[in-house]
Novice: 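Shown below is the structure under consideration.
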Amino acid sequence: MNKLIVAALLALSSLAAGCLGCGGFSGGSDRVVSRNSDSIILCENSGFIATTTSGVIEGTWQERPDGTSLDAITGGTATIAFVLAWNSDGTTATTTALGDGSWTELQLNATELDHADVQCQDLISRSWWTAK
């Protein structure tokens, strides 16, 4: 009976934190960059979610051979949505096609990465994901 009470409390604590489907502390290799109110999640599963004032773009990313930049490819159309190039410090970046300004990598804790990873894992349910 005690195990049932503990399980119920853990489930409620996940819901109270505002995160349905998180709690396994996944996504440790996900990277998140932001610029003002815009953000890009670079998922460890090679997916990405870019949320900007213009809307949301989802797809996959592929590192370029130079190792300092990547191509973000829109899911479903297989066109390059933007190129993200890391600056020499490795924690800031610039992008093409997403407006001017530098992006800064956020240092997220395990819970914040877990919340970001929920979005990353959701990408694999998209019809374009299996067609990539």
Novice: Transitively linked via ILVMFWY side-chain contacts under 4.5 Å: Ile41 with Trp128?
Specialist: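 Per the 4.5 Å side-chain linkage, Ile41 and Trp128 are co-clustered.
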
Novice: With sequence neighbours left out, what residues match Arg64 under salt bridge (charged side-chain N to carboxylate O under 4.0 Å, His left out)?
Specialist: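 Asp71.
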
Novice: Which atom names give the shortest non-hydrogen contact between Leu113 and Asp30, and what distance separates them?
Specialist: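 The answer is CD2-O, 3.7 Å.
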
Novice: Can you see which heavy atom on Asp38 is nearest to which on Thr52, and at what distance?
Specialist: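 Minimum heavy-atom separation between Asp38 and Thr52: OD1-CA, 3.2 Å.
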
Novice: On a heavy-atom basis, which atom in Ser29 and which in Glu44 lie closest, and how many Å separate them?
Specialist: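 So the two residues come closest at CB-OE1, 3.2 Å.
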
Novice: Between Asn87 and Ala93, which heavy-atom pair has the shortest distance, and what is it?
Specialist: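 The answer is ND2-N, 3.7 Å.
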
Novice: Quick one: ring-ring contact (aromatic ring centres under 6.0 Å, His included) pairs with a partner in residues 66-105, sequence neighbours left out?
Specialist: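 Every ring-ring contact (aromatic ring centres under 6.0 Å, His included) pair that includes a residue of residues 66-105, provided the two are not neighbours, is Phe48-Phe82.
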
Novice: Do the non-hydrogen side-chain atoms of Leu70 and Gln62 ever get within less than 4.5 Å of each other?
Specialist: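 Side chain of Leu70 against side chain of Gln62, heavy atoms only: no contact under 4.5 Å found.
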
Novice: Going by disulfide (SG to SG under 2.5 Å), name the pairs with one or both residues in residues 85-119, residues two or more places apart or in two chains.
Specialist: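 Listed once each, the pairs would be none.
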
Novice: Glu105: what forms a side chain to side chain donor-acceptor pair (under 3.5 Å) with it, not counting sequence neighbours?
Specialist: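 Glu105 satisfies side chain to side chain donor-acceptor pair (under 3.5 Å) with Arg31 once adjacent residues are dropped.
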
Novice: For residues Ile57 and Leu98, determine if any side-chain heavy atom of one lies less than 4.5 Å from a side-chain heavy atom of the other.
Specialist: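 When only atoms from C-beta onward are counted, Leu98 and Ile57 do touch, with a gap below 4.5 Å.
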
Novice: With side chains defined as the heavy atoms from C-beta onward, is the minimum distance between Val33 and Ser39 less than 4.5 Å?
Specialist: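 No - every pair of side-chain heavy atoms lies 4.5 Å or more apart.
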
Novice: By side chain to side chain donor-acceptor pair (under 3.5 Å), which residues pair with Thr77, not counting sequence neighbours?
Specialist: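 Thr77: side chain to side chain donor-acceptor pair (under 3.5 Å) contacts with Thr79.
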
Novice: If you look at every heavy atom in Ile124 and Gln121, which pair is closest and at what distance?
Specialist: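 Nearest heavy atoms, Ile124 then Gln121: CG1-O, 2.9 Å.
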
Novice: To check you understand the geometry: which heavy-atom pair defines the closest contact between Glu58 and Leu123, and what is its length?
Specialist: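 Scanning both residues, the minimum pair turns out to be CD-CD2, 3.7 Å.
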
Novice: Working to the nearest 0.5 Å, report the span between CG of Asp117 and CG of Asn45.
Specialist: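 Separation between the atoms: 7.0 Å.
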
Novice: Excluding sequence neighbours, so at least two apart, what forms side chain to side chain donor-acceptor pair (under 3.5 Å) with Ser37?
Specialist: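 Here no residue qualifies.
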
Novice: Answer yes or no: does atom CG of Asn109 have more than 12 heavy-atom neighbours from other residues, nucleotides or ligands under 6.0 Å?
Specialist: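 Yes, CG of Asn109 has more than 12 neighbouring heavy atoms, counting only those of other groups under 6.0 Å.
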
Novice: Roughly how far, to the nearest 0.5 Å, is OG1 of Thr96 from CD1 of Ile80?
Specialist: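 Answer rounded to 0.5 Å: 8.0 Å.
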
Novice: For residues 81-93, pull every pair meeting salt bridge (Lys or Arg N to Asp or Glu O under 4.0 Å), keeping only residues two or more places apart or in separate chains.
Specialist: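 For residues 81-93: none.
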
Novice: Holding to side chain to side chain donor-acceptor pair (under 3.5 Å), I want the full list of residues that pass it with Ser69, two or more places apart in sequence or in another chain.
Specialist: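 Checked Ser69 against side chain to side chain donor-acceptor pair (under 3.5 Å); matches are Asp66.
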
Novice: Once disulfide (SG to SG under 2.5 Å) is applied, what residue pairs with a partner in residues 71-109 remain, sequence neighbours excluded?
Specialist: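 Not a single pair qualifies under disulfide (SG to SG under 2.5 Å).
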
Novice: Not counting sequence neighbours, list each pair that qualifies as a disulfide (SG to SG under 2.5 Å) and has a residue in residues 67-107.
Specialist: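 Pairs touching residues 67-107 that pass the test: none.
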
Novice: Would you list the pairs meeting disulfide (SG to SG under 2.5 Å) in which at least one residue belongs to residues 43-115, sequence neighbours left out?
Specialist: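 Output for this query lists Cys43-Cys120.
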
Novice: If I take atom CD from residue Gln107 and atom OG1 from residue Thr91, how far apart are they, to the nearest 0.5 angstrom?
Specialist: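 Separation between the atoms: 7.5 Å.
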
Novice: Can you list every ring-ring contact (aromatic ring centres under 6.0 Å, His included) pair that touches residues 59-81, not counting sequence neighbours?
Specialist: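 Residue pairs passing ring-ring contact (aromatic ring centres under 6.0 Å, His included), neighbours aside: none found.
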
Novice: Any side-chain heavy-atom pair from Thr95 and Arg35 closer than 4.5 angstrom?
Specialist: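 Yes; the side chains approach each other to less than 4.5 Å.
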
Novice: Quick one: pull up CD in Glu63 and OG1 in Thr68 and give me the separation to the nearest 0.5 Å.
Specialist: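 One gets 8.5 Å once the value is rounded to the nearest 0.5 Å.
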
